[in-house]
Amino acid sequence: MTFQPKSDFLNIMMERGFVADCTDYSRLDETLLEGSMPAYIGFDATATSLHVGSLIQIMMLRWLQKTGGKPITLMGGGTTKVGDPSFRADERPLLMPDSIEQNIAGIQKVFSAYMTYGTGPSDALLINNAEWLDELNYLDFLRDIGRHFSVNRMLSFESVKSRLDREQSLSFLEFNYMILQAYDFLELHKRYGCKLQMGGSDQWGNIVNGIDLTRRAMDGWIFGLTSPLLTTSDGKKMGKSQNGAVWLNANMLSSYEFWQFWRNTTDADVGRFLKLYTELPIEECDRLSSLKGSEINDAKVVLANEVTSLLHGKGAATKAEATAREVFEKGGIGEDLPTFLLNAEDVGDGISVVQLIVKAGLVSSGKEAKRLIAENGAKLNDSPLNDAGQWIDVTTLKETIKLSAGKKRHALIGIKD
């Protein structure tokens with residue numbers, strides 16, 4: 001693309017690889033130059049934490065604030081009751097209001113690490129769309145809002161069309177989701193002067209719906225900006241690891257495990273991830289990503305330190321790096337490793353090493369643990385583990401043992417006092 005933005009925010013977004021598509025680059029750029037523009041991204045509360053897959057959107061809001069814009073983090077207290085059907089094969093499980101509130105409380109903890117909230121011109125706002133969605137009168141909503149939506153057009157959106165093409169059921173409840181999300185943009189525009197919705201490229205249809213509705217109901221220019229849906233260079237979905245989702249909340253994934261996820265980035269992804277997930281200058285990102293051979297590992301440590309510092313603080317990043325050096329370079333235990341403590345009564349006279357490997361979260365099943373041992377990929381206190389039938393007694397566990405799966409995954413396991 002030859003367009004060269006004048007606004008700091010759009011320039012950073014394009015230069016660092018955040019942009020997949022935009023409804024109107026030139027007008028958005030001009031509007032950004034006018035002052036502190038409010039922009040939002042919505043987050044449904046389907047779990048008590050967001051995972052790494054949402055981090056690209058959080059970084060977009062952070063850059064918006066750093067360049068003078070006003071970020072709005074919209075929590076989907078209302079829309080979560082419906083569930084986004086986008087590119088899903090089946091309907092999401094319906095959550096009860098208490099569960100949604102608990103999830104929102106957990107997710108909110110992450111945002112404050114990246115943005116400053118308050119009442120200033122560029123201070124971030126945290127809004128819950130239940131404020132207006134829970135109060136809707138159904139008949140009034142159908143008459144005032146529903147009349148602006150064409151079912152023919154809604155059926156043409158890829159997120160819906162792909163589901164129907166596979167002859168998979170799409171409930172009327174889910175079909176309403178895109179109308180509710182569009183209504184969010186209208187309400188945020190009315191209440192807070194919001195002019196931009198951002199999100200992943202899979203949300204393009206929903207974003208366009210919101211723009212069309214708001215333009216029909218009110219005058220003025222509003223915009224949509226999407227980020228690419230990221231996969232790693234080996235084709236894996238961003239936010240997933242061998243052990244499941246890479247959560248952002250420390251109570252669901254330790255800062256060490258988070259650090260280690262980034263340290264394990266493949267060589268081909270280092271440069272791209274440095275630009276998206278850190279604030280290092282572009283020139284430094286390019287320099288680090290151009291390192292060859294074993295030196296690329298230095299770039300991965302920088303990546304892990306920078307990303308972990310933003311979320312968990314510099315101290316957590318420093319501690320995680322020290323633990324990694326202790327474990328990998330010196331063969332030590334590493335006090336910051338993920339630690340799992342068992343009840344003595346659950347262990348009884350002893351427990352199989354296969355069960356311990358599963359309980360430590362290094363694999364998801366006993367079958368995988370046995371395969372790991374058979375393929376010489378498991379270690380106990382840094383010594384090869386060759387016998388899947390090995391029994392570990394309570395006395396041994398009182399000293400805490402170190403289990404390893406391959407060279408990169410380690411955990412401590414012991415007995416509660």
Side-chain angles (χ1 to χ4, degrees), residues 3-20 22-43 50 54-77 104 107-129 131-132 184-200 203 207 210-211 214 218-227 248 275-282 306-307 309-314:
F3 175 72
Q4 182 57 50
K6 297 176 183 177
S7 64
D8 290 339
F9 175 68
L10 197 53
N11 185 58
I12 289 170
M13 289 295 97
M14 296 181 71
E15 186 179 41
R16 300 184 80 95
F18 282 95
V19 177
C22 179
T23 52
D24 191 324
Y25 286 98
S26 297
R27 284 189 183 272
L28 173 59
D29 195 39
E30 291 170 8
T31 306
L32 284 162
L33 290 170
E34 292 173 1
S36 184
M37 188 183 78
Y40 90 98
I41 298 178
F43 300 87
L50 299 173
S54 297
L55 194 52
I56 188 170
Q57 274 78 49
I58 296 173
M59 288 299 294
M60 292 172 81
L61 290 171
R62 179 177 172 85
W63 279 115
L64 178 75
Q65 187 170 56
K66 285 173 70 73
T67 55
K70 189 175 186 67
I72 298 174
T73 44
L74 181 70
M75 297 306 307
I104 289 174
I107 291 170
Q108 286 177 2
K109 296 175 184 176
V110 170
F111 294 139
S112 59
Y114 292 90
M115 285 162 277
T116 300
Y117 286 83
T119 57
S122 62
D123 284 345
L125 297 175
L126 188 100
I127 311 295
N128 187 338
N129 65 12
E131 289 180 21
W132 51 83
D184 283 345
F185 202 167
L186 176 59
E187 283 294 322
L188 288 172
H189 186 61
K190 283 180 182 177
R191 297 176 184 222
Y192 305 100
C194 183
K195 294 184 178 180
L196 171 65
Q197 181 184 358
M198 300 184 289
Q203 293 298 314
I207 291 173
I211 291 171
T214 305
M218 301 178 69
D219 292 329
W221 283 96
I222 55 173
F223 310 94
L225 182 71
T226 59
S227 61
L248 299 182
K275 291 175 182 177
L276 290 171
Y277 299 113
T278 82
E279 295 174 340
L280 292 175
I282 289 290
E306 292 290 325
V307 181
S309 293
L310 283 174
L311 177 60
H312 296 297
K314 188 174 177 59

Under the side-chain hydrogen bond (donor to acceptor under 3.5 Å, both in side chains) test, which residues partner [X], sequence neighbours left out?
X: T73; result: Y117
X: N128; result: none
X: R191; result: E187
X: E279; result: R62

So which of D29, L28, L196 actually passes side chain to side chain contact (heavy atoms under 4.5 Å, CB included) with C22? L28
Taking only residues two or more places apart in sequence or in another chain, which ones pass side chain to side chain contact (heavy atoms under 4.5 Å, CB included) with [X]?
X: S36; result: K70, S122
X: S227; result: I56, Q57, M60
X: N11; result: Q4, P5, E15
X: T226; result: A20, D21, S201, W204, I207

Straight-line distance of [X] [atom1] to [Y] [atom2], nearest 0.5 Å:
X: K66; Y: I12; atom1: NZ; atom2: CD1; answer: 8.5 Å
X: F9; Y: M37; atom1: CZ; atom2: CE; answer: 7.0 Å
X: I72; Y: D184; atom1: CD1; atom2: CG; answer: 11.0 Å
X: K195; Y: F185; atom1: NZ; atom2: CZ; answer: 10.5 Å
X: M13; Y: T67; atom1: CE; atom2: OG1; answer: 7.5 Å
X: K109; Y: L50; atom1: NZ; atom2: CG; answer: 12.5 Å

Determine whether I127 and Y40 satisfy the following criterion, side-chain contact (heavy atoms from CB on, under 4.5 Å), listing intermediate values before the conclusion. CA-CA 10 Å; I127 311 295; Y40 90 98; over 6 Å; no
Can you find a side-chain donor-acceptor pair between D8 and W63 that sits under 3.5 Å? no
How far apart are the C-alpha atoms of F3 and M14, what are their side-chain angles, what is the distance that settles it, and do they pass the side-chain contact (heavy atoms from CB on, under 4.5 Å) test? CA-CA 10 Å; F3 175 72; M14 296 181 71; 4.1 Å; yes
Locate the shortest heavy-atom distance separating [X] from [Y]; write the atom from each residue and the value.
X: G69; Y: P71; answer: O-CD, 3.5 Å
X: L64; Y: A39; answer: CD2-CB, 3.6 Å
X: H189; Y: C194; answer: ND1-O, 2.7 Å
X: L32; Y: L10; answer: CD1-CB, 4.0 Å
X: D123; Y: T119; answer: OD2-N, 3.3 Å

Any pair counted as salt bridge (charged side-chain N to carboxylate O under 4.0 Å, His left out), so long as it reaches residues 110-119, sequence neighbours left out: none
Residue list, salt bridge (charged side-chain N to carboxylate O under 4.0 Å, His left out) with D24, at least two apart or on another chain: R27
With the side chain counted from C-beta on, respond yes when [X] and [Y] share a heavy-atom pair under 4.5 Å apart, and no when they do not.
X: I58; Y: L248; value: yes
X: I211; Y: Q197; value: no
X: L276; Y: M59; value: no

ring-ring contact (aromatic ring centres under 6.0 Å, His included) with Y277: which residues, sequence neighbours excluded? W262, F273
For F43, which residues count as a ring-ring contact (aromatic ring centres under 6.0 Å, His included) partner, sequence neighbours excluded? F111
Classify the ring geometry between F223 and W221 as parallel (under 30°), tilted (30 to 60°) or perpendicular (over 60°). parallel
